[in-house]
*Asks:* 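Here it is, the structure in full.
Just so it is clear: chains get the letters A, B, ... in the order the sequence lines come, proteins before strands, and each one is counted from 1. Just so it is clear, the values below take in all heavy atoms, side chains as well, and ignore hydrogens, waters and symmetry mates.
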Amino acid sequence: MPRYQPARIEPKWQSWWEAHDTFATPRLPRGRKTYLLDMFPYPSGDGLHVGHPEGYTATDIVARFERMRGTSVMHPMGFDAFGLPAEEHAIRTGTPPRESTERNIATFRRQLKMLGFSYDWKRELATTDPGYVRWTQWIFLVLFDTWFDPETGRGRPIAELPVPPDVAARGDAAVAAFRDSHRLAYQSEAPVNWCPALGTVLANEEVIGGVSERGGHPVVRIPLRQWMLRITAYAERLENDLALVDWPTSIKKLQSDWIGRSTGAEVDFFVAPAGAAASFDAWRHARRAAGFPAEAGREALRVYTTRPDTLYGVTYLVIAPEHPMIDLLTTPDRRDAIRAYREAAARKSDLDRTDLAKEKTGVFTGSSCIHPLTGLPVPVWVADYVLATYGTGAIMAVPAHDGRDWEFAKAFDLPIVTVVEPVDGTGHTESLFTGDGRAVASGPYTGLPTREFIARVAEDLRAAGMGRPAVNSKLRDWLFSRQRFWGEPFPVLHELGPDGRPTGAIRTVDASELPVRLPELVDFRPGDTPDPPLSRAGHDWLYVERDGKRYRRETNTMPQWAGSCWYYLRFLDPANGERFVDPEVERAWMPVDLYVGGAEHAVLHLLYARFWHKVLHDRGHVSTPEPFARLVNQGMILGEMEFTGYRSVKGGWVSAEAATADDTPARIPADQVEKQGEHFVLRDAPRIRVDSRAYKMSKSRGNVVNPDAVVREFGADSLRLYEMFMGPLEATKPWSTAGVGGVRGFLDRCWRLVVDERADDVRLSSQVVDDPPTDDQLRELHRMLDKVTTDIPALSFNTAIARMMEFVNFCTPLERRPRALLEPFVTVLAPFAPHLAEELWEVLGRPAPVSLVAWPIVEARWLKDDFLEIPVQIGGKLRARVTVPADTDVASMEAAAAADPRIAELLAGKQIVKVITVPGRMVNFVVR
RNA sequence: GCCGGAGUGGCGGAAUGGCAGACGCGGCGGACUCAAAAUCCGUUGCCAGCAAUGGCGUGUGGGUUCAAGUCCCACCUCCGGCACCA
């Protein structure tokens with residue numbers, strides 16, 4: 001009867017832990033602290049996926065391990081519960097999102113508890129809790145109250161923003177407008193990505209190749225009033241501070257590329273009116289006297305270039321279709337052509353402008369600008385390969401040294417002038433050359449190496465008032481509003497005039513009045529227009545009066561990212577009604593020491609959270625410059641390995657490499673294929689190759705593994721252990737149900753090591769005895785302990801588990817199993833298979849919980865062997881092994897090796913050129 | 001196209017430049033059993049050989065080294081990301 005029954009012991013210990021608050025975290029750490037954080041899940045209607053427990057088990061093992069070593073452990077869990085899927089489900093079924101969200105959270109909570117994670121559940125939070133939303137809105141107010149001071153490179157209170165006298169002179173409204181234009185949270189009328197199918201505006205990051213990331217719906221660009229967050233102000237710090245964190249280099253690189261910092265220069269080209277030359281001279285003199293102005297004005301077209309050394313190779317200029325100076329630069333005869341081109345460009349989605357349209361398009365404006373160094377006219381074109389949103393929205397085209405300009409020049413038959421030659425002596429080149437080299441045909445700069453040229457010309461342009469060094473980044477300001485229902489309302493009020501229309505003035509909701517709750521809405525569907533659902537809220541919600549003025553609430557909501565930007569801070573002090581987090585608590589626990597989650601958040605979530613954190617840091621609300629000290633991405637778990645054969649229309653099999661779209665793929669059971677050379681083939685028709693690979697789990701493919709089913713069949717400890725045993729945490733790896741059975745077999749053996757299986761009730765096996773362990777047994781034990789102890793902090797769980805399996809394999813045949821061997825083993829098993837470990841600990845007669853027992857001490861003296869088996873090589877090939885005492889010196893090792901009969905035989909008659917001996921490792925005879 | 005990461009038995013994987021394949025799955029053989037399951041024991045990279053043993057072997061081709069899965073060069077395949085950012 002007393003077989004290992006996870007279904008009985010797992011709920012038992014889960015209740016025990018809960019009843020005893022075993023994993024409660026103190027308000028402040030006592031002694032050493034560690035903060036172990038999982039990326040909290042979005043509680044979808046499908047419940048937990050086997051991918052979730054992978055990272056969660058990893059951090060849980062570390063958490064349990066650290067607790068047993070006496071560390072104060074912060075290990076919380078919560079739910080990222082705002083967002084589109086809940087809202088869409090709500091729309092489909094007519095249930096309010098809050099209801100379905102709560103139901104989904106209940107499912108997730110049940111599943112997470114079923115897996116035995118040692119979270120401090122008293123800290124649980126959901127981003128949708130009013131008590132949480134309150135502080136998300138409060139942080140928005142902080143962003144709203146902050147401007148970025150470029151002098152100090154930090155965010156400061158808006159009250160400290162210096163107001164220029166001429167602005168102040170124009171009155172309060174002008175001052176307010178000036179401040180609003182400097183806030184980190186500001187409104188903008190810029191063109192946005194409107195997705196009609198989703199009924200919302202999307203951030204650039206949520207639009208992939210012209211369609212929405214979620215759902216793949218078309219996206220069009222329309223102008224709309226939006227809330228923006230000035231993340232670009234922090235671009236440089238977000239980039240530089242990557243040096244402060246221990247993250248995978250690939251993630252750092254991804255963030256760095258996303259920020260996309262580039263250095264170069266801005267250069268002004270004089271806009272030539274009809275009779276050019278004379279006025280260019282006048283402009284030039286004025287510029288030399290006055291210097292480079294902050295705005296180019298109407299007299300000059302400002303371009304951004306990373307290669308000012310190619311100025312002499314400029315053969316035309318290009319402005320984006322949305323460039324503000326386009327009308328000014330268009331000559332009357334070109335007006336129709338330009339208008340047509342602009343309209344076409346506006347209709348094009350980003351998809352058309354990038355992926356499909358590799359062909360360059362553009363139209364000549366009819367006018368020219370004057371080159372600042374040569375004084376010669378340069379024609380101005382309009383083309384959509386220049387983006388309005390990057391740099392100045394205008395470029396100087398150097399077709400000889402830029403691939404895009406090259407293509408454009410070829411397409412429109414524009415001149416190509418070479419001004420850089422490779423230094424490696426290949427000489428003058430007729431083809432595109434984009435590398436660094438040496439300047440040719442560049443006036444006084446001819447002969448200069450690229451880098452020197454850039455430095456020199458930048459200085460000269462600055463002195464002439466024609467240009468200045470400039471830095472740009474690909475990062476755009478963060479579009480922070482959504483036209484949806486299920487998100488945090490903005491704590492913002494729009495003032496209404498006597499006519500009931502907005503005056504343009506805004507005020508924020510006082511922090512003491514937060515949270516601004518979502519209204520009860522009968523109809524929360526998005527509209528056909530970008531008018532948000534909240535605008536259909538009742539008047540009592542929508543209109544408020546403050547200080548005798550009427551206001552209408554902001555009806556946009558925040559994006560899903562908002563809640564996940566700071567949840568790691570709220571976990572530290574989740575019930576605080578006075579502050580978003582107690583500073584004493586924050587200082588004690590931050591930063592997060594280990595953050596584990598999927599690589600899909602490499603850019604967006606992690607960049608946004610870092611940005612908010614830096615603003616909070618600048619404003620004195622948090623103590624660390626970075627939130628997440630160490631980051632690890634768990635790999636994806638794929639579905640079970642599949643073999644796919646192809647059937648032709650006629651019914652026969654087609655070999656995989658010859659299959660076409662007409663042949664239908666068919667799944668083939670594993671026992672009908674075999675490996676032949678490089679490929680798998682059909683067992684019954686070895687000429688027919690089949691594809692073999694594992695696919696991403698998806699409902700449509702039908703290969704999704706449900707954790708509930710795995711727990712039912714094998715138990716939670718088996719699921720935990722299997723996911724850790726599959727391979728390295730960070731690797732992508734296929735699921736194998738047989739593999740789960742494998743680790744279950746291991747847990748069964750652990751059980752039988754301790755429990756008498758033939759008895760009627762759970763009782764200690766008579767083979768467990770109080771004998772002192774033998775030296776051999778202690779060696780085996782401490783080696784296992786040592787491996788597990790070093791592997792856990794390295795997150796190398798698969799090898800730790802392998803070592804525990806070896807230990808169990810060692811113990812299984814023992815007729816008499818010393819308790820002093822088994823108890824430390826059960827202790828170190830506890831982080832991996834906590835339920836089983838608790839049960840075995842109880843069977844061993846020790847007081848629960850093993851989860852808080854001190855981690856065993858590894859005794860170094862048991863890690864050394866008395867004798868070692870040393871490989872002996874001749875010419876690098878293994879020929880024999882000899883056993884020598886562990887402390888044998890080099891000479892004795894060589895002697896022992898040479899004395900081996902087989903080695904002696906092989907060495908006979910050979911001349912030994914050299915003997916390489918690595919003490920304690922190997923001997924190698926190099927012979928001639 | 002550019003940037004990452006990875007290629008090791010039938011499968012998942014292990015190996016501070018020093019015995020390739022730990023551990024698990026699967027396979028094969030045995031014990032127990034009337035039998036099966038479960039369990040336990042043994043065996044299992046490929047080729048040749050009765051065997052001792054020998055040869056080959058970490059995607060491909062070169063190189064460095066007494067010694068390379070590991071370091072260097074070139075290439076191939078797969079996976080992930082980015083993609084007119086001047």
*Asks:* Nearest-Å distance, CG (A:Asn633) to P (B:A6)?
*Replies:*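 Taking atom P of B:A6 as the reference, CG of A:Asn633 is at 14 Å.
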*Asks:* Give me the distance, rounded to whole Å, that separates B:A6 from B:G59 when you measure between the P atoms they each carry.
*Replies:*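 Taking atom P in both B:A6 and B:G59, they lie 13 Å apart.
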*Asks:* Between atom CG of A:Leu795 and atom CE of A:Met724, what is the distance when rounded to the nearest 0.5 Å?
*Replies:*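 It is 9.5 Å, given to the nearest 0.5 Å.
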*Asks:* Mind checking the C1' distance from B:A14 to B:U58? Whole angstroms is fine.
*Replies:*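 Between the two C1' atoms, the distance is 12 Å.
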*Asks:* Please determine whether a side-chain nitrogen or oxygen atom of A:Asn809 lies at a distance below 4.0 Å from atom OP1 or OP2 of B:G24.
*Replies:*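 Yes, A:Asn809 has a side-chain N/O under 4.0 Å of OP1/OP2 on B:G24.
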*Asks:* Could you pull out all residues at least two apart from A:Tyr316 that satisfy side-chain hydrogen bond (donor to acceptor under 3.5 Å, both in side chains)?
*Replies:*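 side-chain hydrogen bond (donor to acceptor under 3.5 Å, both in side chains) list for A:Tyr316, sorted by chain: A:Tyr385.
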*Asks:* Have a look at A:Thr306 and say if it touches a base, only the backbone sugar-phosphate, or nothing, with a 4.0 Å heavy-atom cut-off.
*Replies:*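 Contact class for A:Thr306: sugar-phosphate only.
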*Asks:* Enumerate all atom pairs, one protein N or O and one N or O from nucleotides 11-16 of chain B, separated by less than 3.5 Å.
*Replies:*
from	atom 1	to	atom 2	distance (Å)
B:C11	OP1	A:Lys675	NZ	3.2
B:G12	O2'	A:Met726	O	2.7
B:A14	OP1	A:Asn798	ND2	3.0
B:U16	O4	A:Arg921	NH1	3.3

*Asks:* Measuring from the side chain of A:Arg902 (C-beta onward, heavy atoms only), which nucleotide among B:U53, B:G18, B:C25 has the closest atom?
*Replies:*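 Selected nucleotide: B:U53.
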*Asks:* B:G17 pairs with which nucleotide, Watson-Crick or G-U wobble, both distances below 3.5 Å?
*Replies:*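 In the structure as shown, B:G17 has no Watson-Crick or wobble partner.
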*Asks:* Roughly, in whole Å, what's the span from CG in A:Asp309 to P in B:A86?
*Replies:*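 Interatomic distance, CG of A:Asp309 to P of B:A86: 14 Å.
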*Asks:* Between B:A86, B:G18, B:C40, which one does the side chain of A:Met922 approach most closely?
*Replies:*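 Of the candidates, B:G18 comes closest.
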*Asks:* Scan every strand shown for a Watson-Crick or G-U wobble partner of B:G10, both distances under 3.5 Å, and answer none if you come up empty.
*Replies:*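 Base-paired to B:C25.
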*Asks:* Quick one: which of A:Ile395, A:Leu301, A:Val303, A:Val386 gives a side-chain contact (heavy atoms from CB on, under 4.5 Å) with A:Ile319?
*Replies:*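 With A:Ile319 as partner, A:Ile395, A:Leu301, A:Val303, A:Val386 yield a single side-chain contact (heavy atoms from CB on, under 4.5 Å), made by A:Leu301.
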*Asks:* Which comes earlier along RNA chain B counting from the 5' end, the contact point of A:Asn472 or that of A:Arg803, where each point is its nearest nucleotide?
*Replies:*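 The 5'-side residue here is A:Arg803.
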*Asks:* Between C1' on B:A86 and CG on A:Leu311, what's the gap in Å once rounded to a whole number?
*Replies:*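 It is 13 Å, rounded to the nearest whole Å.
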*Asks:* Looking at A:Tyr304, I'd like to know if the NZ or CZ of A:Arg302 sits under 6.0 Å from its six-membered ring centre while staying within 45 degrees of the ring's axis.
*Replies:*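 A:Arg302 over A:Tyr304 ring: no.
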*Asks:* Expressed as a whole number of Å, how far does the P atom of B:G55 sit from that of B:C72?
*Replies:*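 After rounding to an integer number of Å, I get 30 Å for this pair.
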*Asks:* When we call it a touch if two heavy atoms are under 4.0 Å apart, what does A:Glu869 touch: a base, just sugar-phosphate, or nothing?
*Replies:*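 Here A:Glu869 touches the bases of the nucleic acid.
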*Asks:* Rounded to whole angstrom units, what separation is found between the CE atom of A:Met724 and the P atom of B:G24?
*Replies:*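 Taking CE of A:Met724 and P of B:G24, I get 19 Å after rounding.
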*Asks:* Give none if B:C40 has no partner; otherwise give the nucleotide forming a Watson-Crick or G-U wobble pair with it, both distances under 3.5 Å.
*Replies:*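 Pairing partner, where one exists within any strand: B:G30.
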*Asks:* Considering only atom P, compute the distance from B:U77 to B:C40 and round it to an integer number of Å.
*Replies:*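 That atom pair is separated by 47 Å.
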*Asks:* Measure from the side chain of A:Arg879, starting at C-beta and using heavy atoms only, and say which of B:C23, B:C56, B:G54 lies closest.
*Replies:*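 When the side chain of A:Arg879 is considered, B:G54 is the closest of B:C23, B:C56, B:G54.
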*Asks:* Hey, which sits more toward the 5' end of RNA chain B by its nearest nucleotide, A:Lys914 or A:Gly742?
*Replies:*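 Looking at the nearest nucleotide for each, A:Gly742 comes out on the 5' side.
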*Asks:* How close or far is atom C1' of B:C40 from atom CD of A:Glu815, stated in whole angstroms?
*Replies:*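 To the nearest whole Å, that distance equals 11 Å.
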*Asks:* Please classify the nucleic acid contact of A:Thr249 as base, sugar-phosphate, or nothing, using heavy-atom distances under 4.0 Å.
*Replies:*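 No contact at all - A:Thr249 keeps every heavy atom at 4.0 Å or more from the nucleic acid.
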*Asks:* Taking only the C1' atom of each, what is the distance from B:G45 to B:G21 in whole angstrom?
*Replies:*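 Per the computed distance, 7 Å lies between those C1' atoms.
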*Asks:* Hey, is B:G9 sitting syn or anti, using the within-90° cutoff around 0?
*Replies:*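 Classified syn.
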*Asks:* How close or far is atom P of B:G5 from atom CG of A:Leu254, stated in whole angstroms?
*Replies:*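 Rounded to whole Å, this separation is 12 Å.
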*Asks:* Is the shortest side-chain heavy-atom distance between A:Val923 and A:Gln873 below 4.5 Å?
*Replies:*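 They are not in contact (no side-chain heavy atoms under 4.5 Å apart), so the answer is no.
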*Asks:* Distance between the C1' atoms of B:G13 and B:U39, in whole angstroms?
*Replies:*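 That atom pair is separated by 26 Å.
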*Asks:* Between P on B:C23 and CD on A:Glu780, what's the gap in Å once rounded to a whole number?
*Replies:*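 Going from A:Glu780 (CD) to B:C23 (P), I get 11 Å.
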*Asks:* Kindly point out which of B:C79, B:G24, B:C84 is positioned nearest to the side chain of A:Arg749?
*Replies:*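 Selected nucleotide (nearest to the side chain): B:G24.
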*Asks:* Validate the cation-pi geometry between A:Arg701 and A:Tyr695: distance from NZ or CZ to the six-membered ring centre under 6.0 Å, angle to the ring axis within 45°.
*Replies:*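 Yes - A:Arg701 lies over the ring of A:Tyr695, closer than 6.0 Å to its centre and within 45° of its axis.
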*Asks:* In whole Å, what separates the C1' atom of B:C79 from that of B:G30?
*Replies:*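 One C1' to the other, the span is 44 Å.
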*Asks:* Looking at B:C40, I'd like to know if its phosphate oxygens (OP1 or OP2) sit under 4.0 Å from a side-chain N or O belonging to A:Arg752.
*Replies:*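 Yes.
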*Asks:* Once you apply the 3.5 Å cut-off to both distances, tell me the Watson-Crick or G-U wobble partner of B:G4, or none.
*Replies:*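 Partner of B:G4: B:C79.
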*Asks:* Quick check for you: among B:C3, B:C84, B:G24, whose closest atom lies nearest to any side-chain atom of A:Met805?
*Replies:*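 Between B:C3, B:C84, B:G24, the one nearest the side chain of A:Met805 would be B:G24.
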*Asks:* For the residue pair A:His371 and A:Tyr312, categorise the inter-ring angle as parallel (less than 30°), tilted (30 to 60°) or perpendicular (more than 60°).
*Replies:*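 Rings of A:His371 and A:Tyr312: tilted, 30 to 60°.
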*Asks:* Please determine if A:Lys787 and A:Glu806 form a salt bridge, counting it only when a charged side-chain N lies under 4.0 Å from a carboxylate O.
*Replies:*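 No, no charged N to carboxylate O under 4.0 Å.
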*Asks:* According to the interplanar angle, ranging from 0 to 90°, do the rings of A:His605 and A:His601 count as parallel (below 30°), tilted (30 to 60°) or perpendicular (above 60°)?
*Replies:*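 Correct class here is perpendicular.
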*Asks:* Rounded to whole Å, how long is the line connecting atom CG of A:Asn924 with atom C1' of B:G17?
*Replies:*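 That distance rounds to 13 Å.
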*Asks:* Scan every strand shown for a Watson-Crick or G-U wobble partner of B:C71, both distances under 3.5 Å, and answer none if you come up empty.
*Replies:*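 The answer is B:G63, by the H-bond criterion.
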*Asks:* Which nucleotide sits closest to the side chain of A:Ala802: B:C41, B:A22, B:A86?
*Replies:*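 Nearest to the side-chain atoms of A:Ala802, counting from C-beta on, is B:A22.
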*Asks:* Side chains of A:Leu475 and A:Arg261: does their closest heavy-atom pair fall under 4.5 Å?
*Replies:*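 Side chain of A:Leu475 against side chain of A:Arg261, heavy atoms only: no contact under 4.5 Å found.
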*Asks:* Expressed as a whole number of Å, how far does the C1' atom of B:G17 sit from that of B:G81?
*Replies:*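 Looking at atom C1' only, B:G17 and B:G81 are 33 Å apart.
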*Asks:* Should B:C56 form a Watson-Crick or G-U wobble pair with both distances under 3.5 Å, which nucleotide is its partner?
*Replies:*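 The base-pairing partner of B:C56, which may sit in any strand shown, is B:G45.
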